[in-house]
There are 2 protein chains.
Amino acid sequence: MKTVYGQFCPVAVASEIFAERWTPVILRELVLGSRRFNDIQRGVPKISRALLVKRLRELVAHGVIDSSGGEYRLTEAGQELGEVVVHLGQWGARWTAPVRRDRLDAKLLTWDMRRRIAVDKLPEKRVTVRFDFRGVPAGHKAPKTYWLVMERPDVDLCIIEPGFDVDVYVDADLAAFVRVWLGEIPIRQAIRDGAVNLNGERQSVREFPSWLLLSTLAAVPRPGEAIQRRVA
Amino acid sequence: MKTVYGQFCPVAVASEIFAERWTPVILRELVLGSRRFNDIQRGVPKISRALLVKRLRELVAHGVIDSSGGEYRLTEAGQELGEVVVHLGQWGARWTAPVRRDRLDAKLLTWDMRRRIAVDKLPEKRVTVRFDFRGVPAGHKAPKTYWLVMERPDVDLCIIEPGFDVDVYVDADLAAFVRVWLGEIPIRQAIRDGAVNLNGERQSVREFPSWLLLSTLAAVPRPGEAIQRRVA
DNA sequence: CGGTATCCACTACGATACTG
DNA sequence: CAGTATCGTAGTGGATACCG
């Protein structure tokens with residue numbers, strides 16, 4: 001373990017492990033359940049493969065994750081460090097403005113959504129939802145169209161037409177949808193504002209908002225919340 | 001604000017602020033109460049002045065600290081980020097082994113101790129404690145001898161003989177004393193083991209352990225604690 | 001005390017291509 | 001799928017000296 005700060009203080013020692021470039025984001029991906037190398041990378045798309053390998057090795061060396069059979073899992077220490085990641089994310093949800101042009105990423109958004117579907121609320125039959133995002137910053141490489149194919153208890157994300165009939169069409173401004181995802185605005189409001197449009201089979205369209213759980217950080221109370229309520 | 005991770009996830013955004021090199025350690029110093037530039041640097045001795053300036057500016061720009069009149073203070077957002085720092089430190093106390101040769105630093109230790117004296121338990125009269133550390137790694141630049149001059153409600157740290165009669169002489173192995181400081185071993189045990197020796201005026205020697213509060217992280221329960229108790 | 005300014009060295013990282 | 005290998009570079013930060 002390379003000593004960076006030269007301090008015995010546990011904050012410094014922990015920072016040598018935790019506060020490395022990319023590490024908190026990699027840990028978030030593990031906290032959210034990714035186990036396999038390529039899955040982890042999907043959640044951290046801008047990291048290079050070589051660097052991801054290096055970081056994972058460091059985390060193994062520090063006892064934060066175990067690696068076996070091509071899978072990475074948080075150890076007990078890792079689970080607890082995951083709580084720090086969540087705490088940091090809650091701070092970010094409260095005190096930062098995450099939605100900015102250079103942070104919009106439709107692929108990452110849909111990859112995150114895939115994990116937050118209320119499977120128990122889905123109908124018996126397979127449901128296919130097609131997302132078309134507008135307002136995607138120019139120069140953005142990721143596709144603008146995605147399909148979520150949900151067939152209890154499985155949820156698959158497709159980037160190419162899966163060939164099933166589409167039940168719900170979601171046309172949405174990307175920035176607005178990210179805001180909905182993060183709990184900054186209610187989906188009903190985004191629909192009313194025209195930032196999000198739902199079309200397709202009546203019943204499915206009505207139920208769609210209840211299928212889509214939001215980000216785990218969406219429920220974090222914001223600093224102005226009490227005041228906003230008073231005003232409203 | 002430079003976008004590092006290109007993700008809207010609040011964990012990523014918060015990491016761009018928090019998980020920069022040195023930043024968690026600087027924040028710890030602010031959490032522990034330092035306000036002035038040079039005081040902060042005393043708690044982060046290995047950072048260069050130029051870099052400390054830069055990091056403080058970044059924290060101001062991110063709304064984590066305020067700077068005015070040559071003082072830096074945590075904002076409301078900063079206080080909450082301080083809770084994350086503490087959480088990270090608690091993880092470090094539980095899951096890392098902070099005491100290693102290249103992390104020992106007598107100056108930093110005494111600087112930390114200065115802030116953790118139970119002022120209300122001190123006697124009316126001035127008390128002077130002299131520390132002599134042994135087992136300091138070769139090549140260590142910091143002095144081996146320090147004086148803590150405590151005169152309610154003030155505590156001063158000296159590196160040169162303050163000229164007062166010494167009430168308590170503390171001769172201690174540096175590594176062992178750091179372990180005591182961090183709550184890894186009880187001071188009574190370190191005394192029994194001969195790693196820490198107290199001499200001087202009887203009454204003061206007896207009371208000294210009650211004056212010295214330990215690190216705020218000393219009380220963090222360790223993973224093996226329950227098991228250890230069972231064995232003992 | 002609380003910074004600036006300059007310069008240089010290093011190394012961490014990204015890009016790209018290849019492998020079992 | 002899960003890496004390895006190589007190489008060039010941007011940018012980060014250390015050292016040092018100076019300043020209001």
### Task
Take nucleotides 2-9 of chain C nucleotide by nucleotide from the 5' end and write B, S or -, depending on whether a protein heavy atom sits under 4.0 Å from the base, only from the sugar-phosphate, or from neither.
BBS-----

### Task
Report yes or no: is the cationic atom of B:Arg114 (NZ for Lys, CZ for Arg) under 6.0 Å from the centre of the six-membered ring of B:Trp111, at an angle within 45° of the ring normal?
yes

### Query
Would you call B:Asp102-B:Arg100 a salt bridge at under 4.0 Å N-O?
yes

### Query
Where does the chain B footprint on DNA chain D start and end, counting 5' to 3' with a 4.0 Å heavy-atom cut-off?
D:dT12 to D:dG14

### Message
I'd like to know if B:Lys54 and B:Glu20 make a salt bridge, using a cut-off of under 4.0 Å between side-chain N and carboxylate O.
### Response
no

### Task
Verify the neighbour count for atom CD of B:Glu71: are there more than 12 heavy atoms of other residues, nucleotides or ligands below 6.0 Å?
yes

### Task
Determine, stepwise, if the pair A:Val127 / A:Trp211 fulfils side chain to side chain contact (heavy atoms under 4.5 Å, CB included).
CA-CA 11 Å; A:Val127 194; A:Trp211 301 337; 3.5 Å; yes

#### Entry: Residues A:Glu29 and A:Arg115 bridged, charged N to O under 4.0 Å
yes

### Message
According to side-chain contact (heavy atoms from CB on, under 4.5 Å), who are the partners of A:Ala176, at least two apart in sequence or on a separate chain?
### Response
A:Asp173, A:Ala195

